[in-house]
Amino acid sequence: MYKVAVAGTGYVGLVAGVCFAEVGHEVICVDIDENKVNKMRQGISPIYEACLEELMQKNYAEGRLTYTTDYASAYKNSDVIFIGVGTPEQPDGSANLSYIATVARQIAETIEKDCLVVVKSTVPVGTNDKVEQFIKDFLVNDVKVEVASNPEFLAQGSAVRDTLQAARIIIGTESKWAEEMLMKIYEPFNLPIVSVRRRSAEMIKYASNDFLALKISYMNDIANLCELVGADIQDVAKGMSFDERIGSKFLNAGIGYGGSCFPKDTKALEYLAKQNGYELKTVKAAIDVNTDQKTILYKKANKRLITFNGLKVAVLGLTFKPGTDDLRDAPSLENIPLLLAQGADIYAYDPVGTENFKRKYPEGEDGRGSIKYVENVAEALAGANVCFIFTEWGEVKAVKPEEYKKLMRTPLVYDGRNIYGIEDMKEAGVEYYSIGRQ
Ligand SMILES: NC(=O)C1=CN([C@@H]2O[C@H](COP(=O)(O)OP(=O)(O)OC[C@H]3O[C@@H](n4cnc5c(N)ncnc54)[C@H](O)[C@@H]3O)[C@@H](O)[C@H]2O)C=CC1
Ligand SMILES: O=C(O)[C@H]1O[C@H](OP(=O)(O)OP(=O)(O)OC[C@H]2O[C@@H](n3ccc(=O)[nH]c3=O)[C@H](O)[C@@H]2O)[C@H](O)[C@@H](O)[C@@H]1O
């Protein structure tokens, strides 16, 4: 077993650290956020992820997992240091690598023995080479240090399962020493390991994410055409899914993809291509379709209603997908400001995202409109003139069509996640609009 340090305790770093401890490594998770570290020491997860707290508490109690802000003490004794800090999108679409650089320098200035540094964060192709040079430039002690790439493929809402039961482990190395060490670290996971050079590993991550984003945008593009020609996108997706070359996953048309990664990773790869004089037409198409898709229902409703001013608007779902409290690039963040600007009185429901959303849109008056957060769907629907569904939470899917008819002032529903059957809504007397269906 190895002494493992993990820099960054977000979705990737914390889950990775906990899972490394779970398989037997001695892990110390480092973060700069003192509040997060104190919470984690009490066994409280700073992120909403199923099964995570139990594993945190178990491994902490068994002494294989600790948390600190003292990066020097963490890094100096570590055999391997995983970097899992953020690489957020910059205004020009490129990845912000400043957090990576800070950690690289902290590592360089503190390691006291030979050390493998592993970049788990999603970084543009070639970044690992720069990180390795950067560390060597700032190295204080005469030790061997090498950088390897180990991109992460977990999805939020299933992060622990996706880590312990990953489809594959990608490792990108430039030496036998680094490759053998990473293979040994991942041996207890008993998962397929694909060992490639560093730059290929970095590209595998972007190529995978951007393909998934393109698959979603493709289905949304086809959905928009389906509506114009009288086809039903859900039937089309079903018919396509039997072809194993297409597969059945990520064929769900909707109000567009959000999250912390597809939006940023599509733009970052497009930016890298442009930097190298190449136009990544497919990824650009994915971005363009998604941009328009986010407000497609708002525009449809705007045509149907004279105005939203003074209307009670029920919004069901604030997070970018179910199973997480993450709002990054959620459709709600695109549509709620538009509704408020038109004077809508919004009644918003989300089982876990409300606290995060309140920090962006406090309850009360906001410009011409207002926003109120409610505890359940019925409260949002009661007396509402119109309803938007942005996230397919189980609690939303559990609402029957007749409840919209019974509770709403006017049963007018815009469903961004195609939760309901068109016939079921029609039978219940609900005026219902969705994506890619008439
Ligand atoms: N969120 C996801 O589902 C996935 C994210 N990724 C990639 O993983 C990386 C991290 O993403 P998230 O975990 O979502 O980020 P996050 O923003 O949730 O967490 C990053 C953490 O790093 C900490 N941090 C910043 N500077 C630090 C430093 N100098 N030392 C120690 N900690 C520091 C922050 O306080 C924060 O807790 C990104 O590159 C992302 O693209 C990859 C796969 C999945
Ligand atoms: O790099 C990352 O951060 C991660 O990004 C995604 O994971 P995540 O964004 O957490 O969630 P997904 O389940 O992929 O959903 C992303 C977005 O696509 C949307 N989506 C997904 C599937 C689909 O069929 N249609 C669709 O609109 C979801 O509503 C959501 O807004 C990838 O699935 C992970 O493999 C990857 O590691």
Side-chain angles (χ1 to χ4, degrees), residues 50 153-159 161-163 165-168 170 191-192 194 204-259 261-263 265-266 269 281-294 296-297 316-317 319-324 329-331 389-394 396-399 401 413-426 432-438:
F153 296 88
L154 68 82
Q156 289 175 210
S158 52
R161 188 189 65 214
D162 292 347
T163 302
Q165 300 165 28
R168 76 311 202 178
I170 300 293
L191 294 168
V194 178
I204 289 168
K205 175 62 190 173
Y206 278 105
S208 302
N209 262 14
D210 291 15
F211 178 78
L212 292 168
L214 181 57
K215 195 172 181 185
I216 294 165
S217 281
Y218 177 76
M219 292 310 286
N220 286 336
D221 217 10
I222 297 294
N224 297 338
L225 180 58
C226 281
E227 267 188 52
L228 297 172
V229 299
D232 180 314
I233 188 60
Q234 288 193 313
D235 293 342
V236 170
K238 184 176 176 192
M240 291 169 69
S241 69
F242 286 83
D243 183 332
E244 61 187 32
R245 293 171 301 173
I246 296 171
S248 59
K249 299 253 173 64
F250 279 61
L251 291 179
N252 302 325
I255 196 165
Y257 59 75
C261 293
F262 285 171
D265 293 348
T266 43
L269 194 61
K281 299 179 190 65
T282 49
V283 172
K284 185 177 180 318
I287 296 166
D288 293 346
V289 169
N290 198 59
T291 301
D292 295 342
Q293 201 70 8
K294 289 285 185 68
I296 202 163
L297 290 181
L316 306 183
T319 57
F320 82 90
K321 65 180 276 196
T324 181
D329 268 70
I389 299 172
F390 293 142
T391 318
E392 65 280 22
W393 282 102
V396 177
K397 291 163 86 169
V399 178
V413 176
Y414 290 86
D415 178 1
R417 294 298 175 192
N418 288 351
I419 290 175
Y420 295 98
I422 289 176
E423 289 313 312
D424 296 339
M425 287 302 237
K426 196 183 281 182
Y432 175 69
Y433 300 95
S434 56
I435 304 283
R437 308 184 290 170
Q438 277 183 347

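Please read these numbers as outputs of a predicted model, since none were measured by experiment.
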Check the pair Y420 / V413 against side-chain contact (heavy atoms from CB on, under 4.5 Å), numbers first and verdict last. CA-CA 10 Å; Y420 295 98; V413 176; 5.5 Å; no
Apply side-chain contact (heavy atoms from CB on, under 4.5 Å) to residues Y414 and I255 and explain how you reach the verdict. CA-CA 10 Å; Y414 290 86; I255 196 165; over 6 Å; no
Just do the side-chain contact (heavy atoms from CB on, under 4.5 Å) check on I246 and L251 with the steps written out, would you? CA-CA 9 Å; I246 296 171; L251 291 179; 4.1 Å; yes
For side-chain contact (heavy atoms from CB on, under 4.5 Å), just list the numbers for Y206 and V283, CA-CA rounded to whole Å, side-chain angles, deciding distance to a tenth of an Å, and then say yes or no. CA-CA 11 Å; Y206 278 105; V283 172; over 6 Å; no
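A pairwise comparison of heavy atoms in T391 and P322 identifies CG2-N, 3.6 Å as the closest pair. Among all heavy-atom pairs drawn from K321 and A155, the shortest one is NZ-CB, 3.9 Å. Smallest separation of non-hydrogen atoms from K249 and K215: O-NZ, 2.8 Å. Nearest heavy-atom pair across A159 and T163 is O-OG1, 2.8 Å. When all heavy atoms of S434 and E227 are compared, the closest pair comes out as O-OE2, 3.5 Å. Nearest heavy-atom pair, Y218 versus M240, reported as atom, atom and distance to 0.1 Å: CE2-CE, 4.2 Å.
Put simply, CG on N224 and CG on D292 are 8.5 Å apart, with the number rounded to the nearest 0.5 Å. Summarising the geometry, atom CE belonging to M425 is positioned 9.0 Å from atom CD1 belonging to I419; distances are rounded to the nearest 0.5 Å. Separating the CD1 atom in I216 from the CZ atom in F211 is a distance of 10.5 Å, to the nearest 0.5 Å. Taking CD from Q438 and CG from L228, the interatomic distance works out to 8.0 Å, rounded to the nearest 0.5 Å. Expressed to the nearest 0.5 Å, how far OH of Y257 lies from NZ of K294 amounts to 8.0 Å. Remark: C226 SG to I435 CD1 distance equals 11.5 Å, nearest 0.5 Å.
Within the 4.5 Å cutoff, the side chain of W393 has heavy atoms near those of the T319 side chain. N418 has its side chain within reach of I233: a pair of non-hydrogen atoms, C-beta onward, lies under 4.5 Å apart. Put simply, the side chain of R417 reaches to within 4.5 Å of the side chain of D415, judged on heavy atoms. The side-chain heavy atoms of T282 and D210, taken from C-beta on, include no pair separated by under 4.5 Å. F250 places a side-chain heavy atom less than 4.5 Å from the side chain of L212.
Between the side chain of Q293 and the main chain of G254, a donor-acceptor pair closer than 3.5 Å is present. Side chain of N290 to backbone of G256: no donor-acceptor contact under 3.5 angstrom is found. No donor-acceptor pair under 3.5 Å is formed between the side chain of S217 and the backbone N or O of L214. K205 places no side-chain N or O within donor-acceptor distance of the main-chain N or O of I170, the cut-off being under 3.5 Å.
Side-chain contact, R437 with Y432: a donor N or O sits under 3.5 Å from an acceptor N or O.
Residues passing the side-chain hydrogen bond (donor to acceptor under 3.5 Å, both in side chains) test with T324 are Q156, sequence neighbours excluded.
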